Amino acid sequence: MPAVAAGSLVLVTGASGFIAAHTVQALLDAGFPVRGSVRSADKGEYLKELFRGKSATFDYVIVNDIEKANAFDEAVKGVGGVVHMASPFHLKAEDPEMLIGPAVGGTVGILHSLKKHNPGVSRVVVTSSTASINDETRPAPFHFTEEHWNEYSAKVCAEKGRDAPNGHKYRASKTLAERAFWRFMETEDVAFDGVTINPPMVYGPIIHPVTSPESLNTSVAALAHVRALVVPEASGQRFISSAGPASPNDFCIAIHRHFPQLANVANGYPTKVEEINAASYLFDGAKAARVLGITYRDIDTCVKDMGDCLIDRFS
């Protein structure tokens with residue numbers, strides 16, 4: 001399947017999110033005009049001002065309820081590619097359906113909107129997560145690849161409902177949404193193809209609108225999404241975008257190295273980094289590096305960049 005042509009208009013849903021804003025910026029820098037979906041005009045105007053002066057143009061549409069039927073009908077018209085990033089990401093849902101409903105409904109909904117109103121779109125890239133891969137019934141250390149699926153979290157939510165642990169509620173939403181995406185691509189008669197990006201937690205500078213550190217919403221690596229749109233060989237693939245294992249020990253070491261003024265942070269154990277990480281889960285990002293041509297940044301650099309940004313914005 002041909003990739004999205006250079007200069008095509010790209011729809012990015014949930015454009016005001018942490019990594020979504022970086023994805024918009026990367027697309028604009030690569031010469032792709034972007035239409036972003038946001039939940040309010042305030043967020044849209046913030047992004048318009050943020051991206052003012054770019055060589056490619058940014059505009060926005062308001063989609064305040066991604067689970068609503070036909071929510072994306074207007075947004076998808078005329079675009080050459082879609083990066084679907086809008087999905088709830090928090091650990092405060094009382095009922096699993098508070099996360100599963102919008103995650104699955106938004107994903108399937110935008111696909112039906114494309115089938116009805118823009119069947120000639122080239123490619124849809126969906127932001128999934130290692131949450132849809134991470135099956136915690138497998139004891140660590142374990143080497144996860146794109147062949148693995150997390151079937152456990154959905155079972156926990158089905159059995160326990162509102163009493164399911166919040167982490168399983170989120171992980172089930174990502175698994176079920178990605179399963180629904182691939183099921184649609186396999187069963188519906190459409191000409192466009194699909195790709196999913198499955199990142200772990202993502203760290204880095206903040207450019208999206210937030211009022212406090214507690215408002216931060218982490219998502220996925222921007223460049224992996226851009227490359228997934230344009231690389232023909234990405235068609236029909238899942239991609240883990242992970243640089244490798246990182247433990248709380250790595251964060252403590254990096255914080256002490258770059259921000260010694262911060263109090264109440266454990267020292268960490270530099271001599272035990274390899275030992276601790278060797279006993280951890282490994283999400284193998286080699287395929288994304290090989291096919292998409294992305295280069296990972298080490299955890300030390302990510303912590304420094306995000307720490308500098310947090311201190312600058314929130315003191």
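Model, not experiment: these values are computed from the prediction.
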For residues [X] and [Y], report the shortest heavy-atom separation together with the two atoms involved.
X	Y	result
M185	V190	CE-CG2, 4.4 Å
A228	A234	O-CB, 4.0 Å
P102	E97	CD-O, 3.7 Å
S113	D73	OG-OD1, 2.7 Å
P33	A56	N-CB, 3.8 Å
V82	I110	CG1-CD1, 3.8 Å

Determine whether [X] and [Y] fall in the same hydrophobic cluster, where Ile, Leu, Val, Met, Phe, Trp and Tyr are linked whenever their side-chain heavy atoms lie under 4.5 Å apart.
X	Y	answer
V4	L223	yes
V12	L50	yes
I133	Y152	no
I100	L111	no
L99	L176	no

Under 4.0 Å between a side-chain nitrogen and a carboxylate oxygen: does that hold for [X] and [Y]?
X	Y	answer
D193	R123	yes
R179	E151	yes
E178	R238	yes
E186	R183	no

Straight-line distance of [X] [atom1] to [Y] [atom2], nearest 0.5 Å:
X	Y	atom1	atom2	value
F18	T23	CZ	OG1	10.0 Å
L27	H22	CG	NE2	13.0 Å
K77	F72	NZ	CZ	14.5 Å
S40	E45	OG	CD	10.0 Å
E147	K287	CD	NZ	7.0 Å
L292	I197	CG	CD1	5.5 Å

Problem set entry | Stepwise salt bridge (Lys or Arg N to Asp or Glu O under 4.0 Å) check, E275 with K272 | CA-CA 5 Å; E275 175 187 347; K272 294 187 176 182; 5.5 Å; no

Exercise. Is it the case that more than 12 heavy atoms not belonging to K155 sit under 6.0 Å from its NZ atom?
Worked result: no

Spell out, as yes or no, whether a donor-acceptor pair under 3.5 Å connects the side chain of [X] to the backbone of [Y].
X	Y	result
K169	A93	yes
H256	A266	yes
S8	A5	yes
N249	I276	no

For this session: Mind running side chain to side chain contact (heavy atoms under 4.5 Å, CB included) on K92 and M98 for me, showing each step along the way?
Result: CA-CA 9 Å; K92 298 177 290 185; M98 294 175 65; over 6 Å; no

Is it the case that [X] and [Y] place a side-chain donor and acceptor less than 3.5 Å from each other?
X	Y	value
N198	S132	yes
H117	E74	no
H84	T127	no
N150	K174	no

Exercise. Taking the six-membered ring of Y60, is NZ or CZ of K43 closer than 6.0 Å to its centre and within 45° of its axis?
Worked result: no

For this session: For R162 and D95, run side chain to side chain contact (heavy atoms under 4.5 Å, CB included): C-alpha distance rounded to whole Å, both residues' side-chain angles, the deciding distance at 0.1 Å, then the answer.
Result: CA-CA 5 Å; R162 298 168 69 93; D95 190 297; 3.6 Å; yes

For this session: List the steps, then state whether salt bridge (Lys or Arg N to Asp or Glu O under 4.0 Å) holds for K304 with D300.
Result: CA-CA 6 Å; K304 182 182 186 303; D300 186 78; over 6 Å; no

Tell me, do [X] and [Y] make a side-chain contact under 4.5 Å, heavy atoms counted?
X	Y	result
F251	V303	yes
I66	T13	no
V195	V126	no
L11	V83	no
W182	T196	yes
I62	S37	no
V34	L9	no
F259	D308	yes

For this session: Apply salt bridge (Lys or Arg N to Asp or Glu O under 4.0 Å) to the pair R297 and D305, showing each step before the final yes or no.
Result: CA-CA 11 Å; R297 305 175 76 192; D305 288 350; 2.4 Å; yes

Seminar exercise, completed: Sorted by chain and residue number, the ring-ring contact (aromatic ring centres under 6.0 Å, His included) partners of F283 (sequence neighbours excluded) come out as F144

Problem set entry | Worked verdict on E146 versus Q237 for side chain to side chain contact (heavy atoms under 4.5 Å, CB included) | CA-CA 9 Å; E146 289 86 355; Q237 301 292 316; over 6 Å; no

Exercise. Does the pair V76 and V121 meet the rule for a side chain to side chain contact (heavy atoms under 4.5 Å, CB included), with working shown?
Worked result: CA-CA 9 Å; V76 302; V121 69; over 6 Å; no

Exercise. Are F142 and H148 close enough that their ring centres sit under 6.0 Å apart?
Worked result: yes

For this session: Please work out whether the ring planes of F184 and H112 are parallel, tilted or perpendicular, with thresholds of 30° and 60°.
Result: perpendicular

